[in-house]
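So you know, we letter chains A, B, ... as the sequences are listed, proteins then strands, and number each from 1. Side chains included, hydrogens not; waters and symmetry mates left out as well; all remaining heavy atoms used.
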2 protein chains.
Amino acid sequence: MTTTARERLLTTASALFYREGIRAVGVERILGEAPSTRATFYRHFPSKEDLVLAYLHGVDDRTRAVVQAAVETSPSPDDALRAIGAAVTDDLADPAFRGCAFLNAAAEYPDPADPVRRLILEHRAWYVGTLTELFGEVFGDSPRRGRPEDAAAHFVMMRDGAMTGAGLDGAEAVGAAFRRGLEGLLTLLH
Amino acid sequence: MTTTARERLLTTASALFYREGIRAVGVERILGEAPSTRATFYRHFPSKEDLVLAYLHGVDDRTRAVVQAAVETSPSPDDALRAIGAAVTDDLADPAFRGCAFLNAAAEYPDPADPVRRLILEHRAWYVGTLTELFGEVFGDSPRRGRPEDAAAHFVMMRDGAMTGAGLDGAEAVGAAFRRGLEGLLTLLH
DNA sequence: CAGCCAAGAGAGAACGGTCTTTCTACCTCC
DNA sequence: GGAGGTAGAAAGACCGTTCTCTCTTGGCTG
């Protein structure tokens, strides 16, 4: 096998955590599907919490890469916001889609002091910060109809709703609602 | 004690489920805080799943009562939609707020065949159906700018996002974003 | 009205299973 | 030879669930 045991454990665990929930997946399941053994597991991840943090860290990394690529390849902040929105609707359309990994994790980790929840907050702060910057650029060269922070909050609210509702109400309908909402938000600013 | 054991068990379990998550709360915890005993518990709820369903059923009942009251006391469908929106922002402002009980439960029960998930889908179908009817009435006596289903989907998407994000980004900011979004949606229809 | 009995509730032991975690032992490959 | 991997036992805690036993209470019957 070309992959290391750590990689195998993390990717297997990530898939299971996302598909079935974090609390619902035990170490036994992960070891059975990785496959690996307890000793190897606990050599790489001192506790299950470290594995959970590594899982969310991986999602965070991939999300940042997607957003960064969307920003860099877009000629205008409008297009960048549209590209980020398209990344959201792409997620919804994935047959393996099961909601936002961070929001799902937040439902399972209510304690604000928990490191998992702190990682979630960090991720969201980065996301909304990036959006606020982009909306700021949009506002920069057109008459302002509000504050960039409010526009970013509106974007995030729609995104969270779409990510949460798509698995329940159907990805197509919710994706269309999100696309219409984002287009409305962007046209409203001009 | 004036309350029955069943009531005590259900209200205690409901508070714990909502505050800490369903999987995170064991029967032991519930019995300790109710207080009651195992035999009594299992006499009223053959399994923990029955308790979970009773918990969500209670939330469903209360939500329907609030929405029904909002509709009945509102002179127009616009006002009814505003009243339902106000009920949402009221929820967000509650210090005990910890997200939508149904969305939190959905994150913990991914299996579509699970009775818990079916109850969640029922609740959402009723909610979006009620909104669709109200938007249909709004569209009825004014030039239409879209379909009632789309407006209802947009409302639900914003609601889901607000309910999910308020516990992470702050209830005041998210509540304000939702209020602005709803007002924008309603003025857009006229 | 008296008596009784079924039902609800309390108390606690105990089941099998699964959880996370730790341990020892052996292998293998740089 | 040491670091990483394999293998498996086992700890200790907690999970949902079942069981037996006792006490109270309310309502029906004679």
message: Is the phosphate of C:dA9 approached by B:His44 (side-chain N or O, under 4.0 Å from OP1 or OP2)?
response: yes
message: Classify the ring geometry of A:His154 against B:His154: parallel below 30°, tilted from 30° to 60°, perpendicular beyond 60°.
response: tilted
A:Arg8 side-chain N/O to A:Pro35 backbone N/O, donor-acceptor pair under 3.5 Å: yes
statement: Minimal heavy-atom distance between A:Leu9 and A:Phe41, with the atoms involved, is CD1-CA, 3.7 Å
- line: Letter by letter from the 5' end, nucleotides 16-30 of chain C scores (B base, S sugar-phosphate only, - none; protein heavy atoms under 4.0 Å) ----BBBB-------
message: Any carboxylate oxygen within less than 4.0 angstrom of a Lys/Arg side-chain nitrogen, looking at A:Asp150 and A:Arg147?
response: yes
statement: Closest to the side chain of B:Thr37, out of D:dG5, C:dA11, C:dA9, is C:dA11
- request: Flag yes if B:Phe155 and B:Leu188 sit in one hydrophobic cluster, no otherwise; membership is Ile, Leu, Val, Met, Phe, Trp, Tyr, and two members link when side-chain heavy atoms are under 4.5 Å apart.
  value: no
- prompt: What orientation do B:His123 and B:Phe102 show, parallel under 30°, tilted 30 to 60°, or perpendicular over 60°?
  reply: parallel
message: Can you see if the side chain of B:Thr40 gets near the phosphate of C:dG10 - specifically, an N or O under 4.0 Å from OP1 or OP2?
response: yes
message: So, OP1 or OP2 of C:dA9: does either fall under 4.0 Å of a side-chain N or O from B:Thr4?
response: no
Table of protein N/O atoms under 3.5 Å from nucleotides 24-26 of chain D N/O atoms:
none

task: Any chance you could lay out the side chain to side chain contact (heavy atoms under 4.5 Å, CB included) test for B:Asn104 and B:Phe17, step after step, and finish with the verdict?
output: CA-CA 10 Å; B:Asn104 288 343; B:Phe17 285 161; over 6 Å; no
query: Just checking, any donor-acceptor pair under 3.5 angstrom between side chains of A:Ser47 and A:Asp50?
result: yes
